[in-house]
Amino acid sequence: MSPPSFFLFKSLHFSLPLILIVIGITWASTSAQSPPSPGYYPSSRFGSIGFHQGFRNLWGPQHQRLDQGSLTIWLDTSSGSGFKSLHPYQSGYFSASIKLQTGYTAGVITSFYLSNNEAHPGNHDEVDIEFLGTTPDKPYTLQTNVFVRGSGDGNIIGREMKFHLWFDPTKDFHNYAILWTPSEIIFLVDDIPIRRYPRKSDATFPSRPLWVYGSIWDASSWATENGKYKADYRYEPFVGRYTNFRLSGCAADGSAGSCNPPSVSPSGAGGLSRQQYLTMEWVQRNHMVYDYCSDPKRDHTLTPEC
């Protein structure tokens with residue numbers, strides 16, 4: 001979700017020797033096996049752009065730095081930071097290469113997402129890639145989510161699917177992408193599809209124009225194990241690094257003229273190839289840690305697409 005008002009939190013103390021031991025065990029077990037090849041790498045079809053070609057700072061300008069094409073944003077006790085695309089889009093392929101901070105990052109969200117919350121406050125749509133901060137003994141959680149017409153406002157109705165990645169996202173930049181067309185939303189990591197959210201009805205699919213955002217902010221109330229661990233500002237600043245931005249979309253304000261929604265399938269049509277589907281199923285079988293449709297505690301009358 002997009003950042004609310006800023007809050008400060010205090011957290012727990014950790015023993016460094018124990019942390020270092022457990023880190024090694026954790027990463028060895030979570031990064032042991034990579035997904036099979038999807039057979040097609042759609043990011044190569046979309047050229048990257050410089051930050052100022054497609055984005056502007058939205059908040060926290062003093063916590064944002066651009067250096068040789070790489071954008072760094074950070075969170076400390078005074079503020080976080082966020083950026084926003086220059087144009088709204090009606091569909092498109094949107095991606096960035098992101099490198100996350102190592103160590104204690106509990107309570108901190110680093111994100112890349114689509115939203116129209118400024119145009120429709122209290123009744124907005126949103127498509128999220130969010131990295132949920134963690135304690136050093138556990139891997140980051142990548143959360144994908146879809147909100148439709150206010151389901152992320154007030155009484156929140158999320159459509160979360162969460163993953164533990166097959167690599168350490170703090171070691172290097174990796175490409176994270178959202179494909180949004182009139183018929184589907186596909187989330188990809190390094191060109192590997194991890195989730196497909198098809199349009200099953202108008203009520204469960206975002207159709208109004210969306211802007212592209214990125215941010216780093218304090219979400220201590222829920223981000224890490226449902227708020228068990230809070231942001232600890234003894235470890236500030238918390239840093240997110242972004243590069244290789246791709247905005248290949250149909251602009252809703254007419255700035256790009258007429259266009260057709262892009263595809264991540266080798267056929268150029270919608271959906272995924274059989275090999276891409278098999279790869280996505282492998283990821284979900286081996287690395288998915290939460291699916292809202294399988295949660296018995298959820299009221300599924302509110303999520304009829306399940």
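Nothing fancy with the numbering, it's 1 onward along the sequence.
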query: Distance only, no hydrogens: is a donor on one side chain within 3.5 Å (strictly under) of an acceptor on the other, for Asp218 and Tyr233?
result: yes
Shortest non-hydrogen pair, Ser91 vs Thr181, comes out as CB-CA, 4.0 Å
Is the shortest side-chain heavy-atom distance between Phe173 and Asn244 below 4.5 Å? no
With sequence neighbours left out, the residues meeting side chain to side chain contact (heavy atoms under 4.5 Å, CB included) with Asp67 are none
- Query: Do Asn116 and Trp211 come close enough that some side-chain heavy atom pair is under 4.5 Å?
  - Reply: yes
dist Ile129:CD1 -> Tyr113:OH (nearest 0.5 Å) comes out at 12.5 Å
**Study point:** His287 side chain vs His164 backbone, donor-acceptor pair below 3.5 Å
**Key:** yes
| message | Once you measure the plane-to-plane angle for Phe94 and Trp180, does it fall in the parallel (<30°), tilted (30-60°) or perpendicular (>60°) bin? | response | tilted
**Chi angles and distances behind the salt bridge (Lys or Arg N to Asp or Glu O under 4.0 Å) call for Arg196, Glu184** = CA-CA 7 Å; Arg196 179 174 180 266; Glu184 64 187 352; 2.6 Å; yes
query = Donor-acceptor pair, Asp190 side chain versus Ile192 backbone, under 3.5 Å?
reply = no
- prompt: Mind checking whether Phe112 and Leu142 sit in one hydrophobic cluster, side chains of I, L, V, M, F, W, Y counted as touching below 4.5 Å?
  reply: yes
Residues Gly158 and Thr303: closest non-hydrogen pair is O-CG2, 4.3 Å
Notebook entry, point to check: Phe163 and Tyr197: same hydrophobic cluster, using ILVMFWY side-chain contacts below 4.5 Å?
Noted result: yes
Q.
Donor-acceptor pair, distance only, cut-off 3.5 Å: does the side chain of Gln101 make one with the backbone of Thr170?
A. no
Separation between CG (Leu100) and OG1 (Thr134), nearest 0.5 Å, reads 11.0 Å
In short, disulfide bond (SG atoms under 2.5 Å apart) pairs touching residues 75-120 with sequence neighbours left out are none
| said: Measuring only between side-chain heavy atoms, which start at C-beta, is Asp128 closer than 4.5 Å to Val146? | reply: no
Handout entry: Donor-acceptor pair, side chain of Gln90 and main chain of Leu210, under 3.5 angstrom
Key = no
### Query
Does any donor atom in the side chain of Ser43 or Asn175 lie under 3.5 Å from an acceptor atom in the other side chain?
no
*Do Tyr292 and Met288 belong together in a cluster built from hydrophobic side chains that touch within less than 4.5 Å?*
yes
Requested in this report: Just do the side chain to side chain contact (heavy atoms under 4.5 Å, CB included) check on Tyr290 and Asp295 with the steps written out, would you?
Outcome: CA-CA 8 Å; Tyr290 178 82; Asp295 187 346; 2.7 Å; yes
Check your understanding: Ignoring hydrogens and geometry, is there a side-chain-to-backbone donor-acceptor pair from Gln53 to Gly50 under 3.5 Å?
Key -> yes
request  = Measure the shortest side-chain to side-chain distance between Pro42 and Tyr40 over non-hydrogen atoms and say whether it is less than 4.5 angstrom.
outcome  = yes
dist Ser263:OG -> Ile186:CD1 (nearest 0.5 Å) comes out at 7.5 Å
Nearest heavy-atom approach of Arg159 to Phe147 is NH1-CA, 4.3 Å
### Task
For Ile49 and Arg246, run side chain to side chain contact (heavy atoms under 4.5 Å, CB included): C-alpha distance rounded to whole Å, both residues' side-chain angles, the deciding distance at 0.1 Å, then the answer.
CA-CA 6 Å; Ile49 62 171; Arg246 293 178 174 90; over 6 Å; no
*asked:* One pair to check against side chain to side chain contact (heavy atoms under 4.5 Å, CB included): Phe187 and Met161. What are the steps and the verdict?
replied: CA-CA 10 Å; Phe187 299 87; Met161 189 177 283; over 6 Å; no
Check: So do the side chains of Gln64 and Leu71 get within less than 4.5 Å of each other, counting heavy atoms only?
Finding: yes
Looking at side-chain heavy atoms only, is the closest gap between Val239 and Ile73 below 4.5 Å? no
Notebook entry, point to check: Does a side-chain N-to-carboxylate-O contact under 4.0 Å join Arg234 and Asp232?
Noted result: yes
Aromatic ring pairing Phe245/Tyr242, orientation class (parallel under 30°, perpendicular over 60°, tilted between)
parallel
In this structure, CZ of Arg241 is separated from OG of Ser70 (nearest 0.5 Å) by 7.5 Å
### Message
Quick one: does any side-chain atom of Ser248 pair with a main-chain N or O of Tyr93 as donor and acceptor, under 3.5 Å?
### Response
no
* Hey, quick one: are Tyr140 and Leu165 part of the same hydrophobic cluster, counting side-chain heavy atoms closer than 4.5 Å, chains of contacts allowed? -> yes
Inset, instruction - Assess whether side chain to side chain contact (heavy atoms under 4.5 Å, CB included) is satisfied between Thr72 and Leu66, documenting all intermediate values. - result: CA-CA 6 Å; Thr72 300; Leu66 191 63; over 6 Å; no
Checking Gln276 side chain against Ser273 main chain: does a donor-acceptor pair fall under 3.5 Å? yes
query: Mind checking whether Tyr213 and Leu114 have side chains closer than 4.5 Å, heavy atoms only?
result: no
Note: Gln33 and Trp166 closest approach over all heavy atoms is O-CB, 3.6 Å
* Is Tyr277 close to Pro193 at the side-chain level, that is, under 4.5 Å between some pair of heavy atoms? -> no
CD of Gln143 to CG of Leu132, rounded to nearest 0.5 Å, is 5.0 Å
*Taking everything shown except Arg274 itself, do over 12 heavy atoms lie less than 6.0 Å from its CZ?*
no
Taking every heavy atom of Ser207 against every heavy atom of Arg199, the minimum-distance pair comes out as CB-NH2, 4.0 Å
What I want to find out is whether Glu118 reaches Lys84 closely enough, with some N-O distance under 4.0 Å, to be called a salt bridge. yes
(Q) Does Asp299 have more than 12 heavy atoms from other residues, nucleotides or ligands lying within 6.0 Å of its CG? (A) yes
Test item: Thr279 side-chain N/O and Ser37 main-chain N/O as donor-acceptor pair under 3.5 Å:
yes
- request: Flag the pair Arg298 and Glu160 as a salt bridge only when some basic side-chain nitrogen lies within less than 4.0 angstrom of an acidic carboxylate oxygen.
  value: yes
So salt bridge (charged side-chain N to carboxylate O under 4.0 Å, His left out) across residues 206-215, not counting sequence neighbours, yields Asp125-Arg208
When rounded to the nearest 0.5 Å, the distance separating OG of Ser215 from CD1 of Ile109 is 8.5 Å
- prompt: Any side-chain donor-acceptor pair under 3.5 Å between Ser78 and His63?
  reply: yes
Test item: Ser95 side-chain N/O and Leu247 main-chain N/O as donor-acceptor pair under 3.5 Å: no
Is a side-chain N or O of Arg195 found less than 3.5 angstrom from the main chain of Lys162, in a donor-acceptor match?
-> no
(message) For residues Ile216 and Phe83: do they belong to one hydrophobic cluster (side chain heavy atoms under 4.5 Å, members Ile, Leu, Val, Met, Phe, Trp, Tyr)?
(response) yes
- Query: Once the angle between the rings of Tyr176 and Phe167 is folded into 0 to 90°, is it parallel (under 30°), tilted (30 to 60°) or perpendicular (over 60°)?
  - Reply: tilted
Note: His174 and Pro169 closest approach over all heavy atoms is CD2-CA, 4.5 Å
